[in-house]
Structure formats: structure tokens, C-alpha cells
Amino acid sequence: MDFIAQERDRLLRSTTRVVGVTCALVSVVGIVSSLAVPLIPLLGGLACIAVLVAALLVFGTNGSVWWTALALAAGLGALALLLFGADPDVRDVVASAVVPLAAGSLSAPLMAQRGAPVGLAMTIVAGVAAVGVVVWASGNPLSGAAAGVLLGWVLVAVVSGWIARSIPRVARRIQSIGTAHRAERQASETEAQRRQGARLLHDTVLATLTLLAHSGVGVSEQAMREQAAEDARLLRHLRLGATPQPQQSGDYSLTREEESPLGQTLESVKQRFGRMGLEVSWHGTGQVLLPSNVLDAFLLALGECLENVRRHAGVGEAHVTIVHDQETVRAMVTDSGVGFDLEAVSAERLGFKESVVSRLREVGGDAKLFSAPGSGTTVVLEAPR
């Protein structure tokens, strides 16, 4: 509130300076151009106006009541010298020329007298004196000069009253908004501190319970490795299209054996491609147990073959025949699609992703491709048992 009051007073003093100096200079131009005032009164009046301008300039930064008194005295002195020193025949002309001085320069300090009763009283007295001198000089209370001076004082008084009533209301409104903002900020800070305290308490309790559950030792490195291995196996089978079956609350597992049944996994692959619009017919072996690393490579290669049939063969059905012996399991993927000429297609565009084929060969397997234009395509996948 104090800051707003200071800025308000500074603005009003600056406005007083601008209005007073501007009106004084306008009167100087009118008085000099009228050529109706003798030299000596003219020089005296101009000197008083210069003192008025200097006092208003200082008042714009200082605001002391003494500068107000000096400006008002100088302005009234200029009016007296100019009007009383002029010939009676041209006195009304001079009265018209000094209207900006009497109506603007002398009334301007009225805007900056809030909280200064002495300055306000001096300004009002100066205003009454200025109106009386102009009325006497013009010889008619209803003359244009008298009306102009009176109108100037009324306008400045109205503006001063409006500013005096409006700025405190605005200041109170700003203060209420600031108070609400501070309250909201404090509430936000309190909520943030409460949340931070709750998180700290939660972490502390969780850490304490963890230590109690593990007898103060924590989770062993071997247990962490086993859990990571189980998670990796679960993600691998999910990627291959299998569906986990819950065995107890909070425990989902695809298989408990290191060797996975191939038949169950192939059925998941069949269902996955069936949802994509490719009908897969299985022939041959129903159940074959394979190590996990061999199963992964085998199913990735098989999935890539079926994906090529779905995309490029131009048919909606593929046949997969599974055979095996004591050492090898083989899968033959056959379609009756458009086929292609092996000699006309480069090795990198045969439809196998290099990483899949390489992984199959890493586990001791291999892949062979047979195709001809119009006769479909057959892929033979081999993997060791």
C-alpha cells in the first residue's frame, strides 16, 4: 500500500509539472504575440513565469509545500504585472492571453496536494485570486476569459477528486488480490511439504519393513539374478505369443520346466496369425520338448516365415509340418502362393531377417528355401534337440 501511495504521488507531481509548464509556455506565446503589454511589465511578468516554471520543475521531483507556495506566488505575480501594467484598452486582450496561465499553471498543483492541507489551502486561495483578477481585467464576470479560467479550475478539481477516490480503491483491490495469491501460495507450499513428508515416511517405513523381512541383510545377489532371469523368460514367451496362466495369487508363469513343450507354443503362434487373417494348418508332431534358447530361435524363424506368407504369398492359408527324431526337429512351411524365382532375387531380399537366421544357426540349426513362380514357396527349418 505504501509503495502504491508513493507511486501515486510521484505520478501526480509529474502530471502537475507537465500541465503547469505547458500552460505557462502557451501563455508566454500569447502574451508576446499580442504586443499589448509595455516592456517593463512584460519583462517582470516573463521573469515571474520563469520562476513559476522552475518551481514546477523542482516540485515534480521534491513535492515540498514551499515549492508549491513559490509557484503560486510567481504565477499570481505574473498575472498582476501583466494585467495591471497593460493599458485599459487592451487589458481584455491580455486577459485572454493569460487564461492558460491562470487556468492551467496555477490550478495544476491542486492535483498533488493530497495529504497536504496547507498546500491545498494555498492553492484554493490562489485560484480565487486568479479568477478575481481575470474577471476584473476583462470587465465582465461572464466574459470568455473569466469562463475559461473558471472552467480550467473546475476540470482540474474534478480530475483531482476522481484520482483521490479511485486510486485507494484500486490499491485495496490489488492488496486483496495479493493477499489471496499469498494465501494460495502458502497453501500450495504446505501441501507440497505434506506430500514430501508422506513420501519420506512411506520410504522410511518401506525400507524398515524390507530390512525386517530380510533380517537386516537385504536381497541377496543370487536372488536378484534369479528374479531377473524369471522376468526375462516371461517377457520372451509373451513376445512369442504365449498367454500366461495364473497359478496362484500374484504369481504368473508360462512353464516351470527348462524345456518347453513345442506343441503348446506352436498353438499360440497359430492363434496369433489367425487373428491377423492367416489360417495356419498344423501337421505332424504334437508335442516336442526343446531347450529354451533353441525354442526361441526356432519360433522366431517360424514366425518370420508365416509373416512372409501373410504379406507376399497372396493366399490366406499356410501349412506347417513338424517332424522330429532323436537329434533334430524340422518344420516345413508351405504355401500355394505366387512364388518367385530364387535366381532373380538377391540374398538380402529373400524374406528372412538376417538376425533371425543367424540366431537359428547359432543354436546349431539351419534354414532352406524352395520356390518357383506360380508354384508357391516351401521353407525348411531345422533345429537341434
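Being a predicted model, the structure only gives us computed values, none of them experimental.
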Linking I/L/V/M/F/W/Y whenever any side-chain heavy atoms sit under 4.5 Å apart, do Leu46 and Leu82 land together? yes
Kindly indicate whether the side chain of Arg182, heavy atoms from C-beta on, has any atom under 4.5 Å from the side chain of Arg185. yes
With a 4.5 Å cut-off on side-chain heavy atoms, are Thr321 and Val333 touching? no
Minimum heavy-atom distance Leu278-Leu306, with the two atoms named: CD2-O, 3.4 Å
Could you check whether Thr16 and Arg13, counting side-chain N and O atoms only, form a donor-acceptor pair closer than 3.5 Å? no
Heavy-atom side-chain contact between Ser105 and Leu52 under 4.5 Å: yes
To the nearest 0.5 Å, what is the distance between CG (Leu72) and CD1 (Ile124)? 11.0 Å
Criterion side chain to side chain contact (heavy atoms under 4.5 Å, CB included) on Cys305 and Leu381, from CA distance to verdict: CA-CA 9 Å; Cys305 294; Leu381 303 176; 4.2 Å; yes
Can you hop from Leu151 to Val131 via hydrophobic side chains spaced under 4.5 Å? no
For Val294 and Ala383, which heavy atoms make the closest approach, and how far apart are they? CG1-CB, 3.8 Å
Side-chain heavy atoms under 4.5 angstrom apart, residues restricted to Ile, Leu, Val, Met, Phe, Trp, Tyr: same cluster for Val154 and Val149? no
Are any side-chain N or O atoms of Thr334 and backbone N or O atoms of Thr378, one a donor and one an acceptor, separated by less than 3.5 Å? no
Testing the basics here: between Phe298 and Val329, what is the closest heavy-atom pair and its distance to 0.1 Å? CE1-O, 4.1 Å
Is there a donor-acceptor pair under 3.5 Å between the side chain of Ser176 and the backbone N or O of Arg173? yes
Does the side chain of Glu307 reach to within under 4.5 Å of the side chain of Met276, using non-hydrogen atoms? yes
In short, Ala130 meets Leu76 closest at the heavy-atom pair N-CD2, 4.1 Å
How about Glu327: does its CD atom have over 12 heavy atoms from other parts shown lying under 6.0 Å from it? no
Any side-chain heavy-atom pair from Val269 and Val280 closer than 4.5 angstrom? no
Determine the minimum heavy-atom distance between Gly337 and Val315, stating which atoms define it. CA-CG1, 3.8 Å
Please evaluate residues Arg330 and Asp325 with respect to the criterion side chain to side chain contact (heavy atoms under 4.5 Å, CB included), reporting the C-alpha separation (whole Å), side-chain torsions for both, the decisive distance (0.1 Å), and the verdict. CA-CA 9 Å; Arg330 295 180 178 85; Asp325 52 28; 3.8 Å; yes
Exam field: side chain Trp153 to backbone Ala102, donor-acceptor pair closer than 3.5 Å: yes
If you group Ile, Leu, Val, Met, Phe, Trp and Tyr by side-chain heavy-atom gaps below 4.5 Å, do Ile31 and Leu81 land in one group? no
Given 3.5 Å as the limit, does a donor-acceptor pair link the side chain of Ser107 with the main chain of Val156, or not? no
CD1 of Ile177: more than 12 outside heavy atoms within 6.0 angstrom? yes
ILVMFWY network linking Val53 to Trp66, side-chain heavy atoms under 4.5 angstrom: yes
Evaluate side chain to side chain contact (heavy atoms under 4.5 Å, CB included) for Trp67 paired with Leu57, printing each intermediate quantity in order. CA-CA 9 Å; Trp67 295 111; Leu57 292 176; over 6 Å; no
Would you give the length of the straight line joining atom CH2 of Trp282 to atom CD1 of Ile322, rounded to the nearest 0.5 angstrom? 6.0 Å
Can you list the steps and then say if Ser281 with Val320 is a side chain to side chain contact (heavy atoms under 4.5 Å, CB included)? CA-CA 6 Å; Ser281 299; Val320 178; over 6 Å; no
CG on Leu70 to CE on Met122, rounded to 0.5 Å: 10.5 Å
Rounded to the nearest 0.5 Å, how far apart are CG of Asp366 and CZ of Arg361? 5.0 Å
Minimum-distance pair of heavy atoms, taken over all atoms of Leu101 and Gly75: CD2-O, 4.4 Å
With rounding to the nearest 0.5 angstrom, report the CG to CD distance, Leu201 to Gln196. 12.5 Å
Distance check, rounded to the nearest 0.5 Å: His312 atom NE2 versus Thr377 atom OG1? 10.5 Å
